[in-house]
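Just so you know, these numbers come straight off a predicted model, no measurement behind them. To find a chain, count down the sequence lines: A is the first, B the second, and so on, and within it residues start at 1.
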Amino acid sequence: MPELPEVETLKLGLQKYLVGHKILDIDILHPKIFYGDKADILSAKVTDIKRVGKGLIIELDNGFCLAIHIKLTGQLIYRDLKTSKFAVSKEKVGTIPNKFTHLIFQLDSGAKLYYNDQRRFGWIKVVKSNEVMNLPFFKDMGPEPSVAKALEGRPILTLEKFRDLLSKSKTIVKPLIMDQKKIGGIGNIYANDALFLARIDPRRKANSLSSSEIKKIYGAIHTVLQKGLDSGGASELTFVNVLGQDGGYQKHTLIYGKRGKVCPNCGKEIKFVRIGGRGTYYCENCQK
DNA sequence: GACAATGTTACAGT
DNA sequence: CACTGTAACATTGT
């Protein structure tokens, strides 16, 4: 997914194009994706879009909201008279709607919001606005790196909190920073790149890291997330922005995905191992 | 065919 | 309770 920079990219796009629109109807082509009663939101108007970690919230003006998680392969694509003229990513979207389109939100003035999802892991839930943070995925979400604005009131990942978290955990550092209950928003691409940038071996135990190493990782996390955001996200699998266009970070990863290639820092071969079930790339020479 | 893929959760085991 | 590993969800690409 869509990790924090990708979801933030979507959020900004939805804010620009969706706010002010009324939801007239929802075509549910695949029921597994949609939870709740669509009658609760018909003719409601979108007032704002929020982000909680890798989750999205579409706020409505009738006391309800839509909580969204696009998991690995979800897409939210907005089309109206104007944006229909923009070309969508030929490779990641093709035509719209397509065989992976599972929900179509019919908006006023003929605008539409499409939810596509190749693997159908994602979900969209109708929830009362004042209960949305009770959803397990949102309730347990850890503090947010401060590169992008999250929902008001969400805790921020300060260096002190980060230091406290790492120094008290016996877990391996890479799965720890990817644990959404510990930190909201970091996934496999940015975890790999942040640890490479900080020159830390992803297999290190968190509580073995020195104070200055922790500070380096903290800085590196913010640097790579910001870079991801500046590139409009990473379109490694199927991610596209709200206009259906590719992001650029996948072309600029530091080490993620470079299996069999050489380290950009020292030229030695990049190692690939599995840590916590996830593909992990690192340079034995540079990351200690 | 085998294996891997930006995520999350449930469960079994240590 | 803390932590690790595995499978599951479904599909595509190498």
Chemist: Less than 4.0 angstrom between a side-chain N/O of A/Gln180 and OP1 or OP2 of B/dT8, yes or no?
Modeler: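 Checking A/Gln180 against B/dT8: at least one side-chain N or O falls below 4.0 Å of OP1 or OP2.
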Chemist: Would you measure the distance from the P atom in B/dT8 across to the matching atom in C/dC1 and give it in whole Å?
Modeler: 23 Å
Chemist: Examine B/dT8: is either OP1 or OP2 under 4.0 Å from a nitrogen or oxygen in the side chain of A/His69? Give yes or no.
Modeler: yes
Chemist: What residues join A/Leu229 in its hydrophobic cluster, counting side-chain heavy atom gaps under 4.5 Å, either direct or through other members?
Modeler: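 So far as hydrophobic clustering goes, A/Leu229 is joined with none.
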Chemist: Among all residues two or more places apart in sequence or in another chain, which pass the salt bridge (charged side-chain N to carboxylate O under 4.0 Å, His left out) test with A/Arg204?
Modeler: A/Glu213
Chemist: Indicate, with a heavy-atom threshold strictly under 4.0 Å, whether A/Gly279 touches base, sugar-phosphate, or nothing.
Modeler: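 The residue A/Gly279 makes sugar-phosphate contact but no base contact.
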Chemist: Scan nucleotides 8-14 of chain C nucleotide by nucleotide, 5' to 3', and note B when protein non-hydrogen atoms come under 4.0 Å of the base, S if they reach only the sugar-phosphate, - if neither.
Modeler: -BBBS--
Chemist: Tell me the stems DNA chain C sits in, counting at least three consecutive Watson-Crick or G-U wobble pairs, each under 3.5 Å on both distances.
Modeler: B:2-5 with C:11-14, B:7-14 with C:2-9
Chemist: Any side-chain N or O of A/Lys54 under 4.0 Å from OP1/OP2 of B/dT8?
Modeler: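 The answer is yes; a side-chain N or O of A/Lys54 sits under 4.0 Å from OP1 or OP2.
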Chemist: Can you pull out every salt bridge (Lys or Arg N to Asp or Glu O under 4.0 Å) where at least one residue sits in residues 28-42 of chain A? Sequence neighbours excluded, please.
Modeler: A/Asp25-A/Lys38
Chemist: Do A/Lys271's NZ or CZ and the ring of A/Tyr282 fall within the cation-pi criteria of under 6.0 Å and 45°?
Modeler: no
Chemist: Got a sec? Which of residues 157-171 of chain A come in under 4.0 Å of DNA chain C, heavy atoms?
Modeler: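 Heavy-atom contacts with DNA chain C come from A/Ser169, A/Lys170, A/Thr171.
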